[in-house]
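In what follows, every heavy atom counts, from backbone to side chain, and hydrogens, waters and symmetry copies are set aside.
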Amino acid sequence: MGIAWPGLAGATTTDPTALALLKLPATVADLALAGIVGYALRARPRWAVAGALAILLSPAVWYISAWWVQFESLYVLPMLVGWALVVRGRPGWAAVAIAIGLMTKPQALVLAIPFAAYYLRRFGLAGSVRAGLVAVATAAILWAPFVASGGIERYLSNLAWYTDLFAVLSLRAWNPWWIFQELAGGGQLVADNVPNMGAVTLRWVGVAIAGLLGAAVFRWVWRRPTPAGLAWGLAAACLAAFVGLTAMHERYSYAALVFLVLCWPDRLAVGTWLVLSTAVILNLVAAVPPEGLPGSVIPVDGAIGIAGSVAITGCFVATLLGLRREEPPSEAISGGA
């Protein structure tokens with residue numbers, strides 16, 4: 001991008017070339033996500049087309065990437081590639097893709113939980129260790145160009161600064177913490193890093209909740225190490241973090257919208273996706289409207305925010321139910337063949 005447009009760093013927000021270049025990576029990633037999802041569902045052509053269009057045309061997808069210029073799709077794409085490779089028995093190349101995803105955004109870390117369960121069950125401890133070494137080598141190669149400039153230290157310091165900047169129960173993300181914040185804060189943001197029970201903060205309470213939910217996802221993917229089980233697990237892991245952790249942003253449920261489509265035409269998956277997509281769209285527009293302040297188009301707080309929080313939390317429960325079910329042969333994902 002820098003080579004193509006040297007003036008990018010100093011460009012204004014009205015520069016169409018700069019805006020197009022900034023939006024291009026995430027938008028291309030969205031196109032790739034749609035293509036991979038469609039290919040995974042190719043055994044049922046109509047569902048393959050529907051799944052690809054669900055990614056391409058959902059306002060929750062293009063609002064984040066093509067309009068808002070956020071980069072959620074850039075970590076979801078390598079994770080999806082990792083899913084497509086590992087379910088076809090290519091754990092080494094899948095580990096490379098997963099490592100790329102993990103190095104892209106911290107939000108990808110929760111997706112390592114279902115992958116870990118799948119690797120251990122399907123490839124054993126030795127195979128999992130080999131894949132882990134491949135992932136570590138990939139991460140080292142990615143970091144190598146930046147080490148001399150203090151890249152790792154600067155990344156960690158920036159992450160700490162970012163975490164402190166948004167140290168609230170929920171940054172307009174509709175989840176249980178948003179409901180708690182509404183009731184306890186009267187519509188105001190509530191800090192999550194203030195000790196309430198000795199040295200314990202609500203942030204650590206959220207970490208404990210998300211950890212327990214993640215452990216449940218790990219266990220059930222272990223019990224169902226299939227392409228569909230891993231897809232359900234990835235969607236569940238994403239939403240476990242979204243509903244369990246504090247300081248969530250409204251767009252951090254993005255990955256679940258992608259991985260749920262892999263479970264189509266399962267009725268529970270279709271219904272959950274429709275509810276989740278609707279709630280996420282409303283949450284995005286309420287939190288960051290096209291113009292004006294949060295809530296100027298759709299109320300971000302009040303009854304709508306609470307209803308949206310209940311809906312997204314319910315979708316998380318639905319992903320756990322989908323993950324726990326026995327998998328009928330007729331519902332197996334074609335990509336696992």
Side-chain angles (χ1 to χ4, degrees), residues 60 63-64 68-76 79 101-113 154-215 217 234-257 276 279-280 282-289 293-295 300-302 305-306 308-313 315-316:
Y63 193 94
I64 291 174
W68 199 357
V69 204
Q70 295 293 331
F71 304 120
E72 309 310 301
S73 58
L74 293 183
Y75 79 84
V76 176
M79 290 305 204
L102 293 174
M103 297 298 291
T104 304
K105 287 196 74 172
Q107 286 73 28
L109 290 173
V110 296
L111 301 180
I113 296 172
R154 292 171 66 179
Y155 170 78
L156 293 175
S157 63
N158 181 72
L159 185 62
W161 170 82
Y162 189 83
T163 302
D164 291 337
L165 179 64
F166 297 108
V168 295
L169 292 182
S170 174
L171 193 71
R172 297 187 290 274
W174 286 350
N175 59 16
W177 288 111
W178 178 260
I179 298 176
F180 181 79
Q181 185 170 255
E182 280 281 283
L183 299 177
Q188 300 297 315
L189 298 179
V190 177
D192 72 341
N193 58 356
V194 178
N196 292 280
M197 297 168 284
V200 178
T201 65
L202 290 177
R203 177 180 296 179
W204 286 110
V205 172
V207 170
I209 293 172
L212 291 173
L213 297 177
V217 172
L234 289 165
C238 170
L239 293 180
F242 188 82
V243 304
L245 292 174
T246 61
M248 284 288 102
H249 294 234
E250 56 289 317
R251 64 184 183 275
Y252 288 171
S253 57
Y254 178 96
L257 293 173
L276 180 64
V280 171
L282 294 175
N283 193 185
L284 290 171
V285 176
V288 187
L293 298 173
V300 70
D301 51 10
I306 292 176
S309 301
V310 171
I312 293 177
T313 304
C315 289
F316 165 64

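- For the pair Ala255 and Leu111, the tightest heavy-atom approach, listed with the atom from each and the gap, is CB-CD1, 4.4 Å.
- Counting heavy atoms from C-beta on, the side chains of Val168 and Thr246 never come closer than 4.5 Å.
- Between His249 and Phe166, the ring-plane angle classifies as perpendicular under the 30° and 60° cut-offs.
- Considering CG of Leu109 and CD of Gln107, their distance stands at 8.5 Å, rounded to 0.5 Å.
- The environment of CG in Leu293 is sparse: at most 12 heavy-atom neighbours from other residues, nucleotides or ligands sit within 6.0 Å.
- Minimum heavy-atom separation, Trp178 to Ser170: CE3-OG, 3.6 Å.
- One N or O on the side chain of Trp177 and one on the backbone of Gly244 form a donor-acceptor pair closer than 3.5 Å.
- Met103 has its side chain out of reach of Tyr75: every pair of non-hydrogen atoms, C-beta onward, lies at least 4.5 Å apart.
- Taking CZ of Arg251 as the reference point, atom CG of Leu284 lies at 9.5 Å (rounded to 0.5 Å).
- Two residues are said to be in side-chain contact when any heavy atoms from C-beta on lie closer than 4.5 Å; Trp161 and Asp164 fail this criterion.
- Side-chain contact between Ser309 and Phe180 is absent, with no heavy-atom pair separated by less than 4.5 Å.
- Rounded to the nearest 0.5 Å, atoms CG (Leu202) and CG (Leu169) are 5.5 Å apart.
- Inter-residue side-chain proximity for Leu74 and Lys105 is flagged as unmet; no heavy-atom pair is nearer than 4.5 Å.
- In this structure, the side chains of Tyr254 and Gln70 stay at 4.5 Å or more apart for every pair of heavy atoms.
- Checking side-chain atoms of Glu250 against main-chain N and O of Val280 turns up no donor-acceptor pair under 3.5 Å.
- Ala236 and Val217 make their closest contact through CB-CG2, 3.9 Å (heavy atoms, listed as atom of the first residue, atom of the second, distance).
- Side-chain atoms of Met79 and Leu234, non-hydrogen and from C-beta on, never get closer than 4.5 Å to each other.
- Residue Trp68 places its CH2 atom among more than 12 non-hydrogen atoms of other residues, nucleotides or ligands, all under 6.0 Å distant.
- Atom-to-atom distance recorded for Phe316:CZ and Thr313:OG1 is 9.0 Å, nearest 0.5 angstrom.
- Using a distance-only test at 3.5 Å, with no hydrogens or angles considered, a donor-acceptor pair links the side chain of Asn283 to the main chain of Arg172.
- Shortest non-hydrogen contact noted between Ile312 and Ala279 is CG1-CB, 3.6 Å.
- Closest approach of Phe242 to Trp174, counting heavy atoms only: CE2-O, 3.3 Å.
- Separation of atoms CG (Asn175) and CG (Leu239) is listed at 10.5 Å; rounding is to 0.5 Å.
- Results of the side chain to side chain contact (heavy atoms under 4.5 Å, CB included) test with Arg203 over Leu245, Val194, Thr163 single out Thr163 as the only residue that passes.
- By the 4.5 Å heavy-atom criterion applied to side chains, Leu257 and Val76 are not counted as neighbours.
- Considering all non-hydrogen atoms of both residues, Cys238 and Val110 come closest at CA-CG2, 4.3 Å.
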